[in-house]
Amino acid sequence: MSSGSLQSIGMPEIEKNENQNRYNPAEIEPKWQARWDADPSLYAAEPHSSGKPKFYCLEMLPYPSGQLHIGHVRNYSIGDALARFMWMRGYNVLHPMGWDAFGLPAENAALKNNTPPREWTLRNIEQMKVQMRRIGLSYDWAGTEVTTCLPEYYRWNQWIFLKMVDAGLAYRKSSKVNWCPKCATVLANEQVIGGCCWRHEDTLVEQRELEQWFLRITKYADELLDDLDKLPGWPEKVRTMQRNWIGRSEGTHVAFAVAGESRKQETGNSKQEEQKITVFTTRVDTIFGATSIQLAPEHPLVKEWVKSDAELQKAVDEMIAQQKAARETGDIGNIEKHGVSTGKHAVNPFNGATLPIWVANYILADYGTGAIMSVPGHDERDFEFAQKYGLPVKRVIAPNLDTEEIGLPYTGEEEAVLVDSGEWTGEASLEAQDKMARYAEEHGFGEKTTTFRLKDWGVSRQRYWGTPIPMVYCLNGHEGVKPGGVVALPESALPVLLPEKIEITQEGGSPLGKVPEFVNTTCPVCGGPARRETDTMDTFVDSSWYFYRYTDAKNATAPFDSDKVNYWFPIDQYIGGVEHAILHLIYSRFWTKVMRDLGLIKNDEPVERLFTQGMVIKDGAKMSKSKGNVVSPDEMISRFGADAARTYALFAAPPDRDLDWQEDGVAGVSRFLARVYRLTSKFAPVVQEVEQTSPAANAVRSPADVALLRTLHQTIAKITEDFSGRWHFNTCIAAIMILVNEVSTAEPAMDAGEVSAATIAEIFHSLVLLLAPFAPFMTAELWEQMGGEGALLRQPWPEADAELARESEIEIPVQINGKLANVVKVSAESDEEAIKAVALADEKVIARLVGKTVVKIIVVKGRMVNLVVK
RNA sequence: GCCCGGAUGGUGAAAUCGGCAGACACAGCGGACUUAAAAUCCGCAGACCUUAACCGGUCGUGGGGGUUCAAGUCCCCCUCCGGGCACCA
């Protein structure tokens, strides 16, 4: 019995404490929530001069729908656990939160309830903030909160937009754009998912020709692609999706002259010029195999030719109509290839061959040049088309020169050579691509080129509830600006405020256009009458840089202070759903590069490490109102407490996997927390006593002490390691459960004084700290009960003592021919010989070896023994 | 069609480096406590065979093959489920 036993420090106190041991989250949680709310410095980041290493922990900001979703609870529980852990590890942590507060739902709500969008949104924010506080999330509200629909924020959208206009990165053009009839606005390409609106998964997007503002994201296409290699902390999946989205394709432009056609240049120059069709190909090495030219139905030349060819006009119109129909039934891409001959011909500049020109429905107008050379021998699609229309199929590539026959189409290129290709015959395919492109360049009919799938980002939205675009149209015009021409507002005119009084209707056209006080203004250059731009910005603009604003949320004279951004960036850990892999996450990367080139920041990339958590599902299906399987966080909290809901969200599955929400599971976690609470609360006076008297450190430890401390330190080591890499919080919590089960089993021994007070104190002290990132309310309460001072997240994280964690004796499985024969106990230090000896001396093993010959013995130190016998 | 995940007890899952498959929970079953129930505590629990019971045995990580003393883990082929892209020249 060691000197610091329970008796010696007073059992009566423990008895007295029993009635406090019942876990009651409904009492504890509001108590601590109120205390935390009263202390804005609790979660505040420290100044850069603190000397601590920084850690920027960020979760994706929510849209303020008014209701926190269980998926948010999961997302924020992950980030919160990490932030708290990092605080306890001594980091200066920035853990901000804000609101992605512009967007259509506010307008819809306005229509439905006759509530102004601003009022509706701000009320929702208050509601959700209450919910977030109830969950105990450690956000620095006072220091960081950003609400994107307030002019204090969106004026900087306008400010950056003006800088982009100056830099030629924002421009206005007329083009075909995606139109969602439900949103009654244009969408960017990234916001069209499978032909439907990202917000309305069952609403097909239409094509409309409109004049819109675009951001020149394509200028950064190469960098956005190449820098993906510099993001090892991002999931491979997200990087792959971005790579595919950017879709860089190296190829060649080749100009084919249209045979027998010539026209006068529109400039009035009398010089005759041939009509040309420029095609884009990645396989210029196959050009001797081209047997036709295929144009998209929307190709400019087709538009010209149909004017004098009624039959062609009809065929092309049908084609366009059919494409539209196919898009609407969702099987664009599967429609049968068909085409129509234009009756015209083009000349292959490499060999002078005359090729018929067709219009085909499988040629996309907005990719490449909208025209291709058709090589049926070496392209699946061209082959299919040629078969249907009896166009010749020519073989110009083969695995080697001697190949007699080869199935066509043959699309290999890495180990292929050219045949029947004039002077290039015999060249390796890849080399020929290079040489032939150079040949085309030298002879002025082609060039190497790179095509991207990525298109410029259309940011105009024909909606009210968004950032006004800070541009006007000067009605009379002035020097350098035509009447109605566009003029950028000066910085001093910012912010362009959204008018508050507005009638929202569902009719077409931008709602702002119906507010004369907003629309009518004066030209900042000539002072004449002007109209304001009435479209607003895509809400993805807001979320493209909000995390920079967090570092300096109240700055009234600049979007942020560059020093602050340079200190905090890049974001050390960003956590959110994978659904933003190519929306928010690509726009954010683009915005970062723009701001860097504007000299506002220094970093090339916003996010060092990205984590995409899995979905929360219920009964095997994604939660949705229509399925009636939606779990309400409020209900969970009122039934089990926030600590149980949070801990369950992390316990039920590793965070990257989908999580099946089971209420019985939450109840189970709640029981576990109650057990922890009862035990810890009961022994809290012991902890307090020990920590006040600080007894001799080198007290003698009983076997019970040693066993408990061993488990404790193994648990500390496991959790500490998991937090820094794997993030399998489910096994962390399981490890704490194992510890608690063992402590619980030892309770009679602790009561009987067989465990030293010092050990009891260490165990419960550490247990509370280990659980603090997961269950902040309960651990705060217990910390107080054991006389702890200050916030738990300012306490140092427990250190694992390898010496205490070490097992003295380990169990080694002994296999015979790979099958388990018995388990033997050996000292942890035993070498291979010693383990072998113990294994061979084991009775069960001996019994099984009767009549057999041991041919080989494999011993893996500390792990197992395998006897190979005959 | 292409690219990425995934498939382990009744359920969620664990096994981090090729070394005891199923940790930790949930649900279930049995018991203690209780007048009773709830709560709590203790115990059982992959399937099958054998046995009165113990003991013992066989099979087992979606399916089939392979490498290895040893495979949930590595290699090849296939099935199913989820996600992304999809006529991108």
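From a predicted model like this one, the values you see are computed outputs, not experimental measurements. Chain letters run A, B, ... following the sequence lines, proteins first, then strands; residues in each count from 1. The basis for the numbers below is simple: all heavy atoms, side chains too, and nothing from hydrogens, waters or symmetry mates.
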Q: Quick one: is B/G56 close enough that its OP1 or OP2 comes under 4.0 Å of any side-chain N or O from A/R848?
A: no
Q: Using the closest heavy atom to pick a nucleotide of RNA chain B for each, name whichever of A/N741 or A/P654 lands nearer the 5' end.
A: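 Going by which nucleotide is closer to the 5' end, it is A/P654.
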Q: Partner of B/A27 by Watson-Crick or G-U wobble geometry, both contacts under 3.5 Å, or none?
A: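 Because no pair has both required distances under 3.5 Å, B/A27 counts as unpaired.
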Q: Return the nearest nucleotide to the side chain of A/H728; candidates are B/A14, B/C24, B/A89.
A: B/A14
Q: Quick one, A/Y23 and A/R675 - any side-chain contact, counting heavy atoms below 4.5 Å?
A: no
Q: Side chain of A/T240 only, heavy atoms from C-beta on: which candidate in B/C3, B/A13, B/G84 is closest?
A: B/C3
Q: Could you check whether A/R863 gets within reach of a base, just the sugar-phosphate, or nothing at all, counting any heavy atom under 4.0 Å?
A: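 Here A/R863 touches the backbone only, sparing every base.
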Q: Give a yes/no on whether any side-chain N or O of A/R675 is located under 4.0 angstrom from OP1 or OP2 of B/A39.
A: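 So the side-chain polar atoms of A/R675 never come under 4.0 Å of the phosphate oxygens OP1 or OP2 of B/A39.
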Q: What nucleotide, of B/G19, B/G12, B/C59, holds the atom closest to the side chain of A/M864?
A: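 Closest nucleotide among those given: B/G19.
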Q: Nearest to the side chain of A/M737, which nucleotide is it out of B/C26, B/C24, B/A14?
A: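 In terms of side-chain proximity for A/M737, the closest of B/C26, B/C24, B/A14 is B/C24.
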Q: Can you tell me how far P of B/C69 sits from NZ of A/K856, to the nearest Å?
A: 5 Å
Q: Have a look at A/E236 and say if it touches a base, only the backbone sugar-phosphate, or nothing, with a 4.0 Å heavy-atom cut-off.
A: nothing
Q: How close or far is atom P of B/G82 from atom CG of A/D660, stated in whole angstroms?
A: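 Going from A/D660 (CG) to B/G82 (P), I get 15 Å.
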Q: So which nucleotide from B/C24, B/A89, B/U16 ends up closest to the side chain of A/E721?
A: B/U16
Q: Measure from CG on A/L650 to P on B/A25 and round the result to the nearest Å.
A: 17 Å
Q: Over all strands shown, is A/N817 touching base, sugar-phosphate only, or nothing at heavy-atom distances under 4.0 angstrom?
A: nothing
Q: Which part of the nucleic acid does A/I363 contact within heavy-atom distance under 4.0 Å: base, sugar-phosphate only, or nothing?
A: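 Base contact.
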Q: Name the closest nucleotide to the A/N361 side chain, picking from B/C20, B/C87, B/A86.
A: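 Selected nucleotide (nearest to the side chain): B/C87.
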Q: Taking N and O atoms by type only, does the side chain of A/K718 place a donor or acceptor under 3.5 Å from a partner on the base of B/U16?
A: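 Such a pair is found, so the answer is yes.
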Q: Given B/G19, B/A89, B/C85, identify the nucleotide with an atom nearest to the side chain of A/R453.
A: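 My answer, after comparing the listed nucleotides, is B/C85.
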Q: Starting from C1' on B/C87, measure out to CG on A/D366 and report it in whole angstrom.
A: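 Going from CG in A/D366 over to C1' in B/C87 covers 12 Å.
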Q: Side-chain N or O of A/R657 versus OP1/OP2 of B/G83: is the shortest distance under 4.0 Å?
A: no
Q: In this structure, which one of A/Q322, A/K388, A/E318 forms a side-chain hydrogen bond (donor to acceptor under 3.5 Å, both in side chains) with A/H338?
A: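 For A/H338, the side-chain hydrogen bond (donor to acceptor under 3.5 Å, both in side chains) test succeeds with only one of A/Q322, A/K388, A/E318, which is A/Q322.
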Q: Kindly say if A/T451 contacts the phosphate of B/A89, meaning a side-chain N or O under 4.0 Å from OP1 or OP2.
A: no
Q: Please state how far atom CG in A/L820 lies from atom C1' in B/G57, giving the value in whole angstrom units.
A: 14 Å
Q: Using the side-chain heavy atoms of A/V823, tell me which of these nucleotides is nearest: B/A27, B/C24, B/C20.
A: B/C20
Q: Please tell me which of the listed nucleotides, B/C87, B/C20, B/A14, lies nearest to the side chain of A/N730?
A: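 Looking only at heavy atoms from C-beta outward on A/N730, the closest nucleotide is B/A14.
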Q: Could you work out which one of B/U11, B/C20, B/A27 sits closest to the side chain of A/P813?
A: B/C20
Q: Is the shortest side-chain heavy-atom distance between A/E742 and A/L708 below 4.5 Å?
A: yes
Q: Give a yes or no on whether a donor-acceptor pair under 3.5 Å exists between the nucleobase atoms of B/C26, that is its base, and the side chain of A/D664.
A: no
Q: Any base atoms under 4.0 Å from A/V860, or only sugar-phosphate, or nothing? Heavy atoms, all strands.
A: base
Q: Find the distance A/L364:CG to B/C85:C1' and express it as a whole number of Å.
A: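 Atom-to-atom, A/L364 to B/C85, this comes out as 14 Å.
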Q: A/K337 has an atom NZ; how far is it from atom P of B/G1, in whole Å?
A: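 Result: 14 Å.
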Q: Taking any heavy-atom pair under 4.0 Å as a contact, classify A/F452: base, sugar-phosphate, or nothing.
A: nothing
Q: Using both distances under 3.5 Å as the test, list the Watson-Crick or G-U wobble partner of B/G5, or none.
A: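 Its partner is B/C81.
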Q: Atom NZ of A/K237 and atom P of B/G82: how far apart are they, to the nearest Å?
A: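 Distance, rounded to whole Å: 13 Å.
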Q: Determine which nucleotide pairs with B/U35, using a 3.5 Å limit on both distances of a Watson-Crick or G-U wobble pair.
A: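 B/U35 is paired with nothing.
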